[in-house]
Amino acid sequence: MENPLKVAVIGAGVMGKNHLKTYKTLQGVDLVGVYDIFPEAAKAAAETFGIKAFSSLEEVAKNVDAVSVVTTSVTHADVGEFFLTHGIHCLIEKPLATTEEECRRLIDAAKKHKVTLLVGHIERFNPAVEQMAKILSDTSKIRSLTAQRMSAASGRITDVDVAMDLMIHDVEVIQSLVKSPVVKVQACSVKTPDKPEGKDYITAILEFENGATANLTASRITQARVRTLTVTTDTNYIDMDFINQSINVHAQGRMPYVNQEELPDWMNYGLKGSVEQLFIPTNQPLAAELLHFADCVRGKATPRISGENALNALRVVWEIQRALGFLKKKDFSFLTLAAE
């Protein structure tokens, strides 16, 4: 039998606790400890899960094979680079980092020290997304996609706009499906009296080099929780629900009349439609993601979301932010945005 993979979680917030709870359930993984810049938070989490509260990053690096970095976005580059340069495999929650320079530091460090860098875009481990990728792999040409990711205000993340908080999930998923560079971005936002900056409701339109388009909407001011993706192809229309982990495939064709000459004119344009509801075995995406991370560390798999994949998604989000005036304009070539 393989030796258990020794892991720790860096960050004891809400998502950090989700990682801790999930690691405790995985076979072949030994959750040894947790670290947080607030010692009391680390101590409380350690007591809850029966593990060690580490006092420093250096202490963590001496005792583990791999870590989940679940800290604030602005710290991802420094924390991740520390572990990667110490030969520790890293799963870094999305977004990978806050600037392109920081992302490149992490990507280069992982490559130089020959360790795994997996980025936590959890929707790629949703079984419905996995099934959608199979449906679209060879048989259909994607014409257009529409993604909606909306909910009411949350106190969980307040330091970034809704494009970086929520829309980035759909950007990354769509890039993985379309597999073509983004060449044009347009965006608009909803401004309200209490949200005059327009950072809590954003709609963006992406145009890809292969001619496909994507319309994305993300909201933190909508009184319903919506997580959907629809795809129009040359052969069918597919609607997917991230929450229910469900997919319906709609198809339409001419009615198979035996003798067209005997039919009245009003019937000559009949159409026959069908809807196929796929059976999708459900799973817990975070558990699937952490198991995939362990397989990558052991050399059994290649990271599904590499540093380059995550950087490509960030480049699109940054361009959406520039289109809205949230970031300064700069020369930018979308021909670098091809999804791997």
Side-chain angles (χ1 to χ4, degrees), residues 18 22 25 94 120-152 154 162 166-180 203-206 208 210-220 222-258 267-292 295 301 304-305 309 313 339:
N18 288 339
T22 305
T25 68
K94 70 85 189 170
H121 282 270
I122 195 168
E123 291 290 21
R124 290 283 295 279
F125 297 89
N126 186 314
V129 174
E130 293 175 329
Q131 186 63 43
M132 179 74 88
K134 293 176 183 177
I135 295 171
L136 298 172
S137 60
D138 296 312
T139 60
S140 300
K141 182 175 181 179
I142 297 173
R143 303 297 190 185
S144 183
L145 309 94
T146 299
Q148 290 188 307
R149 187 170 294 263
M150 304 189 289
S151 58
S154 168
V162 73
L166 299 180
M167 189 179 285
I168 191 171
H169 286 291
D170 295 316
V171 169
E172 202 283 327
V173 167
I174 287 172
Q175 284 184 305
S176 74
L177 296 174
V178 176
K179 297 181 175 65
S180 178
T203 295
I205 298 176
L206 311 182
F208 294 86
N210 66 2
T213 64
N215 186 313
L216 303 89
T217 297
S219 169
R220 294 188 294 208
T222 298
Q223 284 69 41
R225 190 163 179 259
V226 179
R227 303 282 189 274
T228 60
L229 175 67
T230 63
V231 183
T232 297
T233 77
D234 56 346
T235 58
N236 48 40
Y237 172 82
I238 308 166
D239 65 76
M240 182 185 76
D241 191 306
F242 289 90
I243 299 172
N244 298 332
Q245 299 184 355
S246 63
I247 292 179
N248 295 309
V249 180
H250 305 252
Q252 198 171 72
R254 296 292 180 185
M255 289 288 285
Y257 295 126
V258 176
M267 292 184 67
N268 284 334
Y269 210 71
L271 293 174
K272 181 181 180 181
S274 66
V275 180
E276 182 180 1
Q277 185 173 11
L278 303 188
F279 171 73
I280 301 174
T282 59
N283 74 7
Q284 292 297 323
L286 183 56
E289 180 182 68
L290 298 187
L291 280 172
H292 175 70
D295 284 343
R304 190 175 298 181
I305 307 93
N309 296 141

| request: Check whether any side-chain heavy atom of Met132 lies under 4.5 Å from a side-chain heavy atom of Ile247, and answer yes or no. | output: yes

| query | Hey, are Thr232 and Ser144 close enough side-chain-wise for a donor-acceptor pair under 3.5 Å? | reply | no

| task | Could you tell me whether a side-chain N or O of Gln148 sits under 3.5 Å from a main-chain N or O of Leu216, the two making a donor and an acceptor? | result | no

| Heavy-atom donor-acceptor pair, Asn236 side chain to Ala251 backbone, under 3.5 Å | no

| Nearest non-hydrogen partners of Ala288 and Asn283, listed with the distance | CB-ND2, 3.8 Å

| task | Give a yes or no answer on whether the side chain of Asn210 reaches the backbone of Ala212 with a donor-acceptor pair at less than 3.5 Å. | result | yes

| remark: Heavy atoms of Asn126 and Phe242 approach each other most closely as ND2-O, 2.9 Å

| query | Can you tell if the side chain of Arg220 reaches within under 4.5 Å of the side chain of Leu166, non-hydrogen atoms only? | reply | yes

| task | Have a look at Arg124 and tell me which of Glu289, Glu172, Glu130 forms a side-chain contact (heavy atoms from CB on, under 4.5 Å) with it. | result | Glu172

| message | For a 4.5 angstrom cut-off between non-hydrogen side-chain atoms, does Ile135 reach Leu278? | response | yes

| query | Is there a side-chain contact between Leu177 and Leu229, using heavy atoms and a 4.5 Å cut-off? | reply | yes

| message | What I want to find out is whether Arg149 reaches Glu123 closely enough, with some N-O distance under 4.0 Å, to be called a salt bridge. | response | yes

| Looking at side-chain heavy atoms only, is the closest gap between Asn18 and Leu286 below 4.5 Å? | yes

| Just wondering, do His292 and Leu290 contact through their side chains at under 4.5 Å, heavy atoms? | no

| Partners of Ile243 by side chain to side chain contact (heavy atoms under 4.5 Å, CB included), sequence neighbours excluded? | Arg225, Arg227, Asp241

| field | Side-chain (Thr222) to main-chain (Ala224) donor-acceptor, under 3.5 angstrom | value | no

| task | Could you pull out the closest heavy-atom pair between His121 and Ile168, with the gap in Å? | result | CE1-CG1, 3.8 Å

| query | Which atom pair, heavy atoms only, marks the closest approach of Leu136 to Ile142? | reply | CD1-CD1, 3.9 Å

